[in-house]
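Below: the structure, in structure tokens.
None of the values given here were measured: they were computed from a predicted structure. Remember, it's 1-based here, ligands and their atoms both numbered in the order they're listed.
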Amino acid sequence: MTWHSSPSSPWTVQPVRILSIKDEIPQTTTYRLEFVDPTAGITFHFRPGQFNMLYLPGFGESAICISSDPQATHTISHTVRQVGNVTCALARQQVGDQFFVRGPFGSGWPLDAWVGCDLVIACGGLGLAPLRPAIYHIINHRSDYRNVHLLYGARTPHDQLYAEEFEDWAAAGIELETTVDRGDASWQGHIGVVPTLLERLRLEAEQTRVLTCGPAIMMRFIVFEALERGVAPRHIYLSLERNMQCAVGFCGHCQLGPAFVCKDGPVFTYERMEPYFNLDDL
Ligand SMILES: Cc1cc2nc3c(=O)[nH]c(=O)nc-3n(C[C@H](O)[C@H](O)[C@H](O)COP(=O)(O)OP(=O)(O)OC[C@H]3O[C@@H](n4cnc5c(N)ncnc54)[C@H](O)[C@@H]3O)c2cc1C
């Protein structure tokens, strides 16, 4: 597969049209998009873990990771939580409406380097969105990897993102364990935080790669537990979020120590991020 990470100019925006809108969980929606220019659709490729800047004229731009299958051609999806200016304006759009994207930007999960490894994907809430393309990639190349565990936590059973896909993922060889903070009458599964799922997992540290994305507190405990279990800091990968503006390392808004989350990340090894990991605004 050919993956291109840099567009011809990082400032070039491409018009996209909304093909479908799916309300996933409260305040969170997936937009499936096609490029208005068919050539742009053909040449757009991304690595799992990368993001686009979504631009709504009059409202501004937001960094949003790509949540669709990297092998799917012509369309991309973004799963967006309504929190502010741009994301709430996006929520008012209808099927057929157009806006703009530029990208893709940033590093991805280095999946090609993990061939032959066990993978533990530990995520919470919307943190599953930047991992979904990685899950699709793993399923598309399932024999390249050994055991693949997906540990996913949500606040309640109704807050589980992409829950309708879980059965397919399990059938495709992803060992899925979910947990919620608060169950309901129908919930038969685990109650507790995601790191408790990792505590129970049997793993061979040397050949395990850990991928994590979610609330900072969850990632801290995942890292702590993975280190306790003997996983090397260079084998623990985090996807980080920072307030982002230019997406190409010019403006400095997303700087974390010497790194720019936009161009050096958002995926980093814990080895690289360790000095900054306990900062409050990680
Ligand atoms: C690499 C990357 C990937 C992202 N992927 C997604 C995604 O897939 N889906 C999604 O819904 N969101 C994602 N985000 C977060 C999204 O970019 C922010 O929520 C963005 O600010 C929303 O824009 P807005 O104009 O709607 O909100 P704004 O008006 O910019 O902000 C609303 C509120 O959120 C706060 N805020 C802004 N950015 C952040 C942030 N990064 N972390 C915490 N608080 C913040 C602001 O301070 C403000 O209080 C991602 C961010 C990054 C850096």
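- Note on ring orientation: taking the six-membered ring where Trp is involved, the planes of Tyr55 and Phe100 are tilted (angle from 30° to 60°).
- Residues Tyr162 and Asp168 are not in side-chain contact: their nearest non-hydrogen atoms beyond the backbone lie 4.5 Å or more apart.
- A heavy-atom distance below 4.5 Å is found between the side chains of Glu199 and Glu225.
- Between Tyr145 and His137, the two ring planes are perpendicular [angle over 60°; tilted spans 30° to 60°].
- Within 6.0 Å of CZ on Arg146 lie more than 12 heavy atoms contributed by other residues, nucleotides or ligands.
- Aromatic pair Tyr237/Trp114: centroids less than 6.0 angstrom apart.
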Return a table of N or O atom pairs, ligand 1 on one side and protein on the other, at distances under 3.5 Å, rounded to 0.1 Å.
unit_1   : atom_1 : unit_2 : atom_2 : d
ligand 1 : 5 (N)  : Cys65  : N      : 3.1
ligand 1 : 8 (O)  : Cys65  : N      : 3.2
ligand 1 : 8 (O)  : Thr79  : O      : 3.4
ligand 1 : 9 (N)  : Thr79  : O      : 2.9
ligand 1 : 11 (O) : Arg81  : N      : 2.7
ligand 1 : 14 (N) : Ala63  : O      : 3.2
ligand 1 : 14 (N) : Glu241 : OE2    : 3.3
ligand 1 : 17 (O) : Ala63  : O      : 2.6
ligand 1 : 23 (O) : Ser62  : OG     : 2.5
ligand 1 : 25 (O) : Asn85  : N      : 3.4
ligand 1 : 25 (O) : Val86  : N      : 2.9
ligand 1 : 26 (O) : Gly84  : N      : 3.2
ligand 1 : 26 (O) : Gly84  : O      : 3.3
ligand 1 : 26 (O) : Asn85  : N      : 3.4
ligand 1 : 26 (O) : Val86  : N      : 3.2
ligand 1 : 26 (O) : Thr87  : N      : 2.8
ligand 1 : 26 (O) : Thr87  : OG1    : 2.5
ligand 1 : 29 (O) : Asn85  : N      : 3.2
ligand 1 : 41 (N) : Glu241 : OE1    : 3.3

